[in-house]
*Asks:* 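Here's a structure for you.
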There are 2 protein chains.
Amino acid sequence: MQLRMTNQREIILRELKKSRQHLSADELYDKVKKYMPRISLATVYRNLEILSEAGFIGKLEISGRQKRFDYDVTEHDHVYCAVCHRVDNLNIERQGLHTREIKSVKGYSVTGYRLEIVGICPACQKKAKQEKKK
Amino acid sequence: MQLRMTNQREIILRELKKSRQHLSADELYDKVKKYMPRISLATVYRNLEILSEAGFIGKLEISGRQKRFDYDVTEHDHVYCAVCHRVDNLNIERQGLHTREIKSVKGYSVTGYRLEIVGICPACQKKAKQEKKK
DNA sequence: TTAGTTTTAATAATCGTTATTATTTATGGA
DNA sequence: TCCATAAATAATAACGATTATTAAAACTAA
């Protein structure tokens, strides 16, 4: 795990942590450009991959959409908004998921699982209500 | 839910159910082409969308990969192989996921959730073993 | 039968991401 | 310090999956 912390990586990492959101590569690209106007989008993609590989950040592959990256590397699940695709961290009890049956299903050797709660975020609920009034 | 069952839709639906697998649009396109050589890939995509919208089939959006479609519309979860991306149906107990806390997290109005067990399928485990021997 | 609607095939366009490549930047000895 | 080489970068082309466009064909209902 010899990872050279280049300027680009440092700023990418810093901006992700600073945002405290689950940003996509291009959202992060916009933020990083303010400090490094000449950085390339491919560099952002490549380094997000490298940083998540090295365990500095988490990679979120949510339901067929754009990948998002997570500033929080501790074990947790996610809620995501079906309307605006915002993602939030979640710390629900994982009990009932550590049962024997999950350890080996259908002959698979199980390495983990992904739990996504799907819903509508507060902001989108509010918007929907206001739409109704019209 | 007035859905005209065209020949194209009929055959797409039939081939998906026949396969009893979680096929992607292009895999299904290959199968359907045998009966309708002139069908267009876009037609397959469009009708898979329509059929899943109407509840005839399920749509699987697994972790950043190609969408797959499910012949089984009853409520269930999935295991998928991290190596070959094969997907299998699963009927594990959903207890511990119907708790109060899940109903409303972080102000979200919860509509559902997706649980993916990740692992290595029997075929890929076997392959890995044979690789080791060499 | 005909006018209007829906669906289709063919294909262009788009979106997110990865690959290529020439250039720049760092690194580790002589 | 200088040089060789290794790694990382910016720019951009290419890619794979999916969606949009459009003109033609197939239905449907008066």
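Convention: sequence-line order gives letters A, B, ...; per-chain numbering from 1.
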*Asks:* Grab the CE-C1' distance between A:Met36 and D:dA10 for me, whole Å please.
*Replies:*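 Result: 12 Å.
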
*Asks:* Measuring from atom CG of B:Leu3 to atom CZ of B:Phe56, what distance do you get when rounded to the nearest 0.5 angstrom?
*Replies:*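 If we round to the nearest 0.5 Å, B:Leu3:CG and B:Phe56:CZ are 5.5 Å apart.
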
*Asks:* Taking only side-chain N and O atoms of A:Gln8, does any of them lie within less than 4.0 angstrom of OP1 or OP2 on C:dT25?
*Replies:* no

*Asks:* State whether A:Asn47 places a side-chain N or O below 4.0 Å from either non-bridging phosphate oxygen (OP1 or OP2) of D:dT9.
*Replies:*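 Answer yes for this pair, as a side-chain N or O of A:Asn47 is under 4.0 Å from OP1 or OP2.
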
*Asks:* Between atom CE in A:Met5 and atom P in C:dT27, what is the gap in whole Å?
*Replies:* 13 Å

*Asks:* Closest approach to the side chain of B:Thr43, judged atom by atom: which nucleotide of C:dT17, D:dC27, C:dT8 is it?
*Replies:* C:dT8

*Asks:* Expressed as a whole number of angstroms, how long is the span from A:Leu3:CG to D:dA7:P?
*Replies:*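 Interatomic distance, CG of A:Leu3 to P of D:dA7: 13 Å.
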
*Asks:* Would you say B:Arg46 reaches C:dT8's phosphate, i.e. side-chain N/O to OP1/OP2 under 4.0 Å?
*Replies:*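 Yes.
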
*Asks:* Centre of B:Tyr35's six-membered ring, under 6.0 Å away, within 45 degrees of the axis: is that where NZ or CZ of B:Arg14 sits?
*Replies:* yes

*Asks:* Ignoring hydrogens and angles, does a donor from either the side chain of B:Ser40 or the base of C:dA10 sit under 3.5 Å from an acceptor on the other?
*Replies:*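 Indeed, a donor on one side and an acceptor on the other fall under 3.5 Å apart.
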
*Asks:* Between atom CD1 in A:Ile39 and atom P in D:dT12, what is the gap in whole Å?
*Replies:* 16 Å

*Asks:* Does B:Arg38 or B:Arg9 map to a spot on DNA chain C nearer the 5' end, using the closest nucleotide for each?
*Replies:*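 By nearest-heavy-atom nucleotide position, the 5'-most residue is B:Arg9.
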
*Asks:* Taking only side-chain nitrogens and oxygens of B:Thr6, does any of them come within less than 4.0 Å of OP1 or OP2 of C:dT8?
*Replies:* yes

*Asks:* Measuring to OP1 and OP2 of C:dT18, would you say a side-chain N or O of A:Lys67 lies under 4.0 angstrom away?
*Replies:* yes

*Asks:* I need the CD-C1' distance between A:Glu53 and D:dA8, as an integer number of Å.
*Replies:* 17 Å

*Asks:* Nearest to the side chain of B:Ala42 - D:dA11, C:dT11, C:dT17?
*Replies:*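 Closest nucleotide to the B:Ala42 side chain: C:dT11.
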
*Asks:* Output the rounded distance in Å from CD (B:Glu10) to P (C:dT7).
*Replies:* 14 Å

*Asks:* Starting from C1' on C:dG16, measure out to CG on A:Leu41 and report it in whole angstrom.
*Replies:* 9 Å

*Asks:* Between the side chains of A:Glu27 and A:Arg68, is the shortest nitrogen-to-carboxylate-oxygen separation below 4.0 Å, so that they form an ion pair?
*Replies:* yes

*Asks:* Indicate the ring-plane relationship of A:His22 and A:His78, choosing parallel, tilted or perpendicular according to the 30° and 60° boundaries.
*Replies:*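 Geometry flag for A:His78 against A:His22: perpendicular rings.
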
*Asks:* List for me each residue that meets salt bridge (Lys or Arg N to Asp or Glu O under 4.0 Å) alongside B:Glu49, sequence neighbours excluded, and say none if there are none.
*Replies:*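 For B:Glu49, the residues satisfying salt bridge (Lys or Arg N to Asp or Glu O under 4.0 Å) (neighbours in sequence not counted) are B:Lys59.
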
*Asks:* Could you give the CD-to-C1' distance, from B:Gln66 to C:dT17, as a whole number of Å?
*Replies:* 15 Å

*Asks:* Using OP1 and OP2 only, check whether a side-chain N or O of B:Tyr45 sits under 4.0 Å from D:dT19.
*Replies:*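 Checking B:Tyr45 against D:dT19: no side-chain N or O falls below 4.0 Å of OP1 or OP2.
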
